[in-house]
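Working notes, structure below.
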Number of protein chains: 2
Amino acid sequence: MQVEVRLAALDQRYTRGRRALVEVLGDTDRPLTIPEILEAANRSLPGGHRLPQSSAYRSLTALAEAGVVRRLAGNDDLGRFELAEDLSGHHHHHLVCTSCGLVADVPASPRLERALSEAGRVAAEETGFEVNDHRIDLVGRCATCR
Amino acid sequence: MQVEVRLAALDQRYTRGRRALVEVLGDTDRPLTIPEILEAANRSLPGGHRLPQSSAYRSLTALAEAGVVRRLAGNDDLGRFELAEDLSGHHHHHLVCTSCGLVADVPASPRLERALSEAGRVAAEETGFEVNDHRIDLVGRCATCR
DNA sequence: ATTTATGCAAATCGTTTGCAAACCT
DNA sequence: AGGTTTGCAAACGATTTGCATAAAT
């Protein structure tokens, strides 16, 4: 719905492959790597239809430009993607495991958000930056790796 | 000093090339990309001696393992490095310009740090993660790009 | 003397791209 | 039909690695 509109604004179509990608990202609670996305998409795709990597990359780039998905700053060497927050409805940050590379979502706390927006204001004042987004990673070891 | 000790702990030597790298990173107030590091190192290196990329990568990897430098999560496609915070003495976060890719340091505010450590505690409790570091990027447009 | 680091060139690996065929409206 | 997306294979570019030589202890 929203997705189709956003793509249309850039003369882009909402095709079967792209639907599969958006569904996969909509069904998870953490950012996925390309291999993970491909595996999940191929599992949910009809018949023997396999989505090639190149198409996934291209489609995800298109979806990112349309503001449907977001490409994360690489914590390891694999790119990760998640649904845009205004579509998933959850403002969140990430827990990053230094041992296995896992990235998990963690809900943002109001207190943290307040402190953050103040920090943004201060930074803007002192440096001339115009801050309009932020990114927080809590880094450590996941339950499995501890 | 500290640097030599940390390297020695891993049976690593503090050579001229590595000194040049550490000096370069010690002389700047923002994380540098490999090309930037090479340019600066070569400027400060004696005679016609040029530091090859591969050596820079290898040495920076060694320095990172020794906890002397830190490799940043790639905001764009270039890796960035900075001196470890316990050597530079400044706990800071980053301003990232989405337009030109600039990454600038910004001092951490006590309020933000407090909110952050609370968030870490909550996350630990709810997910079993052991949080021992964090990473904050304020994303926007720098003064030049606005 | 030994062990570790360096230079160079070649290899890797994630990601991007050219082009012709398939798809959507 | 007319423009867009897909698949495949080839191209890219940042980072890594093998190996012989130089440097450090």
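The sequence lines fix the lettering, A, B, ..., with proteins before strands; numbering per chain opens at 1. Computed from a prediction, not measured in an experiment: that's the story for all the values here. What's counted below: heavy atoms across the whole structure, side chains too, no hydrogens, waters or symmetry copies.
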Specify the separation, in whole Å, of atom [atom1] of [X] and atom [atom2] of [N].
X	N	atom1	atom2	result
A/Leu7	D/dT6	CG	P	10 Å
B/Leu78	C/dG14	CG	P	19 Å
B/Gln53	C/dA5	CD	P	20 Å
A/Leu10	D/dT5	CG	C1'	15 Å
B/Gln12	C/dT2	CD	P	21 Å
B/Leu60	D/dA14	CG	P	16 Å
B/Leu38	D/dA14	CG	P	12 Å
A/Asn42	D/dG7	CG	C1'	13 Å

Item to check | Cation over ring face, B/Arg19 and B/Tyr14, 6.0 Å, 45° | outcome: yes

Next on the checklist: Using the rule that Ile, Leu, Val, Met, Phe, Trp and Tyr join whenever any side-chain heavy atoms are under 4.5 Å apart, tell me whether B/Leu112 and A/Val106 fall into a single cluster.
Outcome noted: yes

Checklist entry - Under a single-linkage definition using a 4.5 Å side-chain heavy-atom cutoff for Ile, Leu, Val, Met, Phe, Trp and Tyr, are A/Leu138 and B/Leu138 assigned to the same hydrophobic cluster? => result yes

Item to check | Derivation of the side-chain contact (heavy atoms from CB on, under 4.5 Å) call for B/Phe81 and B/Leu72 | outcome: CA-CA 6 Å; B/Phe81 292 84; B/Leu72 273 68; 5.9 Å; no

Next on the checklist: Holding to side-chain contact (heavy atoms from CB on, under 4.5 Å), I want the full list of residues that pass it with B/Pro52, two or more places apart in sequence or in another chain.
Outcome noted: B/Ser54, B/Ser55

Next on the checklist: Which residues pass the side-chain contact (heavy atoms from CB on, under 4.5 Å) test with A/Ala124, not counting sequence neighbours?
Outcome noted: none

Item to check | Sequence neighbours excluded - salt bridge (Lys or Arg N to Asp or Glu O under 4.0 Å) pairs with any residue from residues 108-122 of chain B | outcome: A/Arg111-B/Glu118, A/Glu118-B/Arg111

Nucleotides 21-24 of chain C: which of its N/O atoms have a protein N/O under 3.5 Å away?
unit_1 : atom_1 : unit_2  : atom_2 : d
C/dC24 : O2     : A/Arg13 : NH1    : 3.2

Item to check | N/O (side chain, B/Arg18) to phosphate O (OP1/OP2, C/dT6) under 4.0 Å | outcome: yes

Next on the checklist: Check the phosphate of D/dT6 against A/Ser59, side-chain N and O only, distance under 4.0 Å to OP1 or OP2. Yes or no?
Outcome noted: yes

Atom pairs, protein N/O to nucleotides 17-19 of chain D N/O, distance under 3.5 Å:
unit_1 : atom_1 : unit_2  : atom_2 : d
D/dG18 : O6     : B/Arg58 : NH1    : 3.3
D/dG18 : O6     : B/Arg58 : NH2    : 3.1

Checklist outcome for this item: DNA chain D nearest-nucleotide lookup for B/Glu4 and B/Ile34: closer to the 5′ end is B/Ile34

Checklist outcome for this item: Nearest-nucleotide check on DNA chain D, B/Gly79 vs A/Leu51; residue mapping nearer the 5' end is A/Leu51

Checklist entry - Can you name the ring-ring contact (aromatic ring centres under 6.0 Å, His included) partners of B/His93, sequence neighbours left out? => result B/His91, B/His134

Next on the checklist: Of the options D/dT16, D/dG7, C/dT16, whose atoms approach the side-chain atoms of A/Thr61 most closely?
Outcome noted: C/dT16

Item to check | Nearest to side-chain heavy atoms of B/Arg71, which nucleotide of D/dT16, D/dA14, D/dT6 | outcome: D/dT16

Next on the checklist: Check this for me: does any side-chain nitrogen of one of A/Asp133 and A/Arg70 sit under 4.0 Å from a carboxylate oxygen of the other?
Outcome noted: yes

